[in-house]
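Only one structure is covered here, and it is reproduced in the block below.
All chains are named by letter (A, B, ...) in the order of the sequence lines, taking the proteins before the strands, and each is independently numbered beginning at 1.
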Number of protein chains: 2
Amino acid sequence: MMAEDAMETACRSGARAAAQRTRILQAAQKCFVEHGFHAASMATIAQTAEMSPGLIYRYFRSKSEIILAIIERQLEIVRERIGSLHVANDLAAGIADSFHAPTDCHDDMIIAPLFLETSAEATRDPQVGAAVAAVDTAVRTEFTRVLMRAREEGGYGLPEELATKRALMLLCLFEGLKVREAREPHLDHGLLESALGDILGLLLAPQSAEPAG
Amino acid sequence: MMAEDAMETACRSGARAAAQRTRILQAAQKCFVEHGFHAASMATIAQTAEMSPGLIYRYFRSKSEIILAIIERQLEIVRERIGSLHVANDLAAGIADSFHAPTDCHDDMIIAPLFLETSAEATRDPQVGAAVAAVDTAVRTEFTRVLMRAREEGGYGLPEELATKRALMLLCLFEGLKVREAREPHLDHGLLESALGDILGLLLAPQSAEPAG
DNA sequence: CGTAAGAGAATGACCGTTCATTCTACTCAT
DNA sequence: ATGAGTAGAATGAACGGTCATTCTCTTACG
């Protein structure tokens, strides 16, 4: 016979428990998008997940633990996207494709309202702030590295100083794109892709003239 | 002697009432930055304004009216900034100067956490959404107009299609800058200004080569 | 029968808002 | 001058409701 704690573990972390957890997280994400982290109530989340409020507490210690789980999942998606960015051959299209209409909703997306809410929460909650800062630094570093890497190695061969500046602007551009997604969800996709192609052509050119005064 | 209603008017909408209103709004803004629109309570706002909770309701109908007032003030600042943008001779410096450390706090600033919170709220509350959308459209139109205007008239002389694209990217860049301000409040100001000079030199050049495929 | 899963009412704290009351400052008849 | 009268300003306790969380009880299954 199994030891009690082993059985406990097998059960708690079993397939059912995992399914319940993701069910709760999906419901919570939907509610957070619709109402925000603080305006969404546990009762609403429970209703959305089609279970009783009390049951949620079997799988999560508190509401803020759920919020943190949602945020960390979003940050993980950011990490994944960045990791696969420098592999893509058409950068503009790849970036434009991360701009989503609000209708479609896979679970590997950076949801614009969650991005905004998370960024705001990061300025208040130290735990969220730390998680966001870690990913943020990693992304900025990765951007700079890709811009500096030699062209024959898949980079853009920019000198360090220029790479640092352009990585910063690129980062602002991407984050601004998420803001835009929240504000203009039905923005013309063709225009966006074309505009991105234009600006990336400028920013990632082999070498460009120095800016005027 | 004044008529009673005249005195009444002078009193209600008098200097005192106005002062109380701004006192409440300043306290509310502080609380909203610190805790967010929904997590900040009327009790906290009242305490910050050094008055009783009940008194606030003499000057504002509800909490959401206060939230809306704060948001509309922020949007007004955006309008002002945009209006005076194309007058500035050093665009990069002007933009970089709207990037604020969290310590200094005049009341003609676009506060980064409020920007995020407002953008998120706009996706939920129709009234906020409408106010934000109005300003948003105006800003994007103004950007495009400036990029299209002839150089001798203070514009940048870009053809319409290119102006549309670059205005969109410029907008994303600015909004991204606010996200960055929230995340990296102590970002090196020199680097920022230099990076902005670089990218604006590219985006606003008299005419640039078309992007590679 | 025993044990985990689940439901849903109970709990206490706190929310936005209201209201009866008190305070303050000013008018004016004496 | 002074004290009564008064109206607006301000208070803070109270209210109904809702919040996150806990508890008790039932159900289902091995």
Base, sugar-phosphate alone, or nothing: which one does B:A39 contact when heavy atoms must sit under 4.0 Å apart?
-> nothing

For B:P53 and A:P53, take the nucleotide of DNA chain D holding the closest heavy atom to each; which residue's nucleotide lies nearer the 5' end?
-> B:P53

Establish, with yes or no, whether the OP1 or OP2 oxygen of D:dA10 is under 4.0 angstrom from a side-chain nitrogen or oxygen of B:Y59.
-> yes

Does B:Y57 place a side-chain N or O at less than 4.0 Å from the phosphate oxygens OP1/OP2 of C:dT18?
-> no

Quick one: do the A:T44 and A:S41 side chains pair a donor with an acceptor below 3.5 Å?
-> yes

From C:dT17, C:dG6, D:dA9, nucleotide with atom closest to B:S62 side chain | C:dT17

When you check the side-chain N and O atoms of A:T48 and A:K30, is any donor under 3.5 Å from an acceptor?
-> no

Touch check for A:A46, heavy atoms < 4.0 angstrom, all strands: base, sugar-phosphate only, or nothing?
-> nothing

Return no unless some side-chain N or O of A:R16 is found under 4.0 Å from OP1 or OP2 of D:dA28.
-> no

Do A:L168 and A:F143 come close enough that some side-chain heavy atom pair is under 4.5 Å?
-> no

Position toward the 5' end of DNA chain D (nearest nucleotide), B:L55 or A:K63 | B:L55

Using the salt bridge (Lys or Arg N to Asp or Glu O under 4.0 Å) rule, take A:D136 and B:R180 through it: C-alpha gap first, then chi angles, then the decisive distance, then the call.
-> CA-CA 10 Å; A:D136 200 61; B:R180 199 103 300 269; 2.6 Å; yes

Polar pair under 3.5 Å, donor/acceptor by atom type, side chain B:R58, base D:dA10 = yes

